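The model shown is predicted, which means the values in this text are computed figures rather than measured ones. Quick note: numbers below take in every heavy atom, side chains included, and nothing from hydrogens, waters or symmetry partners.
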Amino acid sequence: MSFYELFLITIILLPGILLMVFNEKDLYKDLSQEVPSFALRLVNHVILSFPFAILGLFFYKHGDFNLFSLNIDKISILLSLLVALINVAAYYYLKKNDLKEAFLEGDKTRKKIWILTRCFYGGVVEEIIFRFGMISFFVWVGNLFIAQSTVSFWVANVLASILFAIAHLPGIYQKQKTVTKTMLLYINSINLLVGITCGWLYWQYGLLTAIMCHMLFHLVWYVFEKFEYQFNGKLEV
């Protein structure tokens, strides 16, 4: 790990952290909770993300991962769009047929999260935590016990994706009054799909391509949200 790498990863992390810290103020109000100070919210996200950034910097070369080069081709773009569209199709199918009330609660909260926060916190900070930090470390550990590096990667990818899905559950229970089994199946399945896809892109293309995929996921969903809002008017919550 070099000072240059640490400086760059810090620059990449900070926009998402700062956006979430500012955005969180509105989200805490919705939960009828006392809003922690700006400094406390900032420290919380720094403590959550920077250890994984350091972990990644120590171990990413052991898996021959690409950190700062942007490698994008038709396959990476189409795969990213496919994942985003699978989510949109599943979400609006369930919302229309089974879970309208429950999903309207989630819509209300999600619409208070700025699109820049979704892209730079979800797309960047989460990728640094789960792909760059966790996968790099898990691959290093796996290589100590498994001769095949490909097997080490897939074990690491699946494990990091499971943790990625689990990490989203506390927020769901905190924000939702109604959490059904179907909703949990949808949320966990989509998060596993996003995690495994971004992990594969990190392995094959590099961290910036995984970030691109996660950002596209949020951007595509945002476009459909705006489209729905234009045709259906304000949410009835």
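Hydrophobic clustering places L70 together with Y4 (ILVMFWY residues linked when any side-chain heavy atoms are closer than 4.5 Å, directly or through intermediates). Using a 4.5 Å cut-off between side-chain heavy atoms of Ile, Leu, Val, Met, Phe, Trp and Tyr, with links allowed through other members, V21 and V43 fall into different hydrophobic clusters. Both M215 and F68 are assigned to one and the same hydrophobic cluster, defined by single-linkage of ILVMFWY side chains at heavy-atom distances under 4.5 Å. By the criterion of side-chain heavy atoms lying less than 4.5 angstrom apart, applied directly or through intervening Ile, Leu, Val, Met, Phe, Trp or Tyr residues, V141 is grouped together with M134 in one hydrophobic cluster. Residues V139 and L144 fall within the same hydrophobic cluster, defined by Ile, Leu, Val, Met, Phe, Trp and Tyr side chains chained together at heavy-atom separations under 4.5 Å.
Panel note: side chain N157, backbone I196; a donor-acceptor pair is recorded below 3.5 Å. Side chain of S136 to main chain of G133: no donor-acceptor pair is present (N/O by atom type, distance under 3.5 Å, no hydrogens or angles). Using modelled atom types, one side-chain atom of N188 and one backbone atom of L184 make a donor-acceptor pair closer than 3.5 Å. Side chain of H168 to backbone of N191: no donor-acceptor contact under 3.5 angstrom is found.
Side-chain heavy-atom separations under 4.5 angstrom define the hydrophobic clusters, and the remaining members of the one that includes I115 are L219, Y222. Through side-chain heavy atoms spaced under 4.5 Å, either directly or across other Ile, Leu, Val, Met, Phe, Trp or Tyr residues, V158 is tied to I162, I166, L192.
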*Begin with the C-alpha distance, continue with both residues' side-chain angles, and end with the deciding distance and a verdict on side-chain contact (heavy atoms from CB on, under 4.5 Å) for L207 and N66.*
CA-CA 6 Å; L207 177 63; N66 188 321; over 6 Å; no

*For the pair T197 and C213, evaluate side-chain contact (heavy atoms from CB on, under 4.5 Å) and give the outcome as yes or no after the intermediate values.*
CA-CA 8 Å; T197 303; C213 176; 4.1 Å; yes

_Could you walk me through whether L42 and L18 satisfy the side-chain contact (heavy atoms from CB on, under 4.5 Å) test, starting with their C-alpha distance in whole Å, then the side-chain angles of each, then the deciding distance to 0.1 Å, before giving a yes or no?_
CA-CA 7 Å; L42 179 62; L18 290 172; 4.0 Å; yes

*Evaluation steps, side-chain contact (heavy atoms from CB on, under 4.5 Å), between F138 and V155*: CA-CA 8 Å; F138 291 154; V155 170; over 6 Å; no

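Sorted by first and then second residue, the pairs that involve residues 119-147 and meet salt bridge (charged side-chain N to carboxylate O under 4.0 Å, His left out), not counting sequence neighbours, are E127-R131.
Nearest heavy-atom pair, A160 versus I135, reported as atom, atom and distance to 0.1 Å: CB-CG1, 3.6 Å. L27 and K112 get closest at one heavy-atom pair: CD2-CB, 4.1 Å. Between C119 and H218, the shortest heavy-atom distance links the atoms SG-CB, 4.4 Å. Pairing each heavy atom of Y202 with each of F132, the nearest pair is OH-CD1, 3.4 Å.
For N143, the side-chain hydrogen bond (donor to acceptor under 3.5 Å, both in side chains) partners two or more places apart in sequence, or in a different chain, are S152. For E24, the salt bridge (charged side-chain N to carboxylate O under 4.0 Å, His left out) test picks out R41, with sequence neighbours left out.
Comment: R118 engages E225 in a salt bridge, judged by a side-chain N to carboxylate O separation of less than 4.0 angstrom.
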Side chains of residues 48-62: which donor-acceptor partners sit under 3.5 Å, not counting sequence neighbours?
residue	atom	partner	partner atom	Å
S49	OG	H45	O	2.7
Y60	OH	E5	OE2	2.4

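Taking OH from Y205 and OG from S80, the interatomic distance works out to 9.0 Å, rounded to the nearest 0.5 Å. Atom CD in Q204 sits 11.0 Å away from atom CG in L79 (nearest 0.5 Å). For the atom pair N44 CG and M20 CE, the distance stands at 10.5 Å (nearest 0.5 Å). To the nearest 0.5 Å, atoms OG1 (T182) and CG (L94) are separated by 7.0 Å. For the atom pair OG of S161 and CG of L193, the computed distance is 9.0 Å after rounding to the nearest 0.5 Å. Residue Y121 holds its OH atom at 5.0 Å from CD1 of I129, rounded to the nearest 0.5 Å.
For the residue pair T209/N71, the side-chain donor-acceptor check at 3.5 Å is not satisfied. Side-chain contact check for Y186 and N87: at least one donor-acceptor pair (N or O, by modelled atom type) lies under 3.5 Å.
Residue I86 is tested with V88, L82, V83 for a side chain to side chain contact (heavy atoms under 4.5 Å, CB included); the sole match is L82.
Using cut-offs of 30° and 60° for the angle between ring planes, the W221 and F217 rings count as perpendicular.
Taking the six-membered ring wherever Trp is involved, the centroid distance between the rings of F22 and F38 falls below 6.0 Å.
Within a 6.0 Å sphere centred on CD1 of I77, heavy atoms belonging to other residues, nucleotides or ligands number more than 12.
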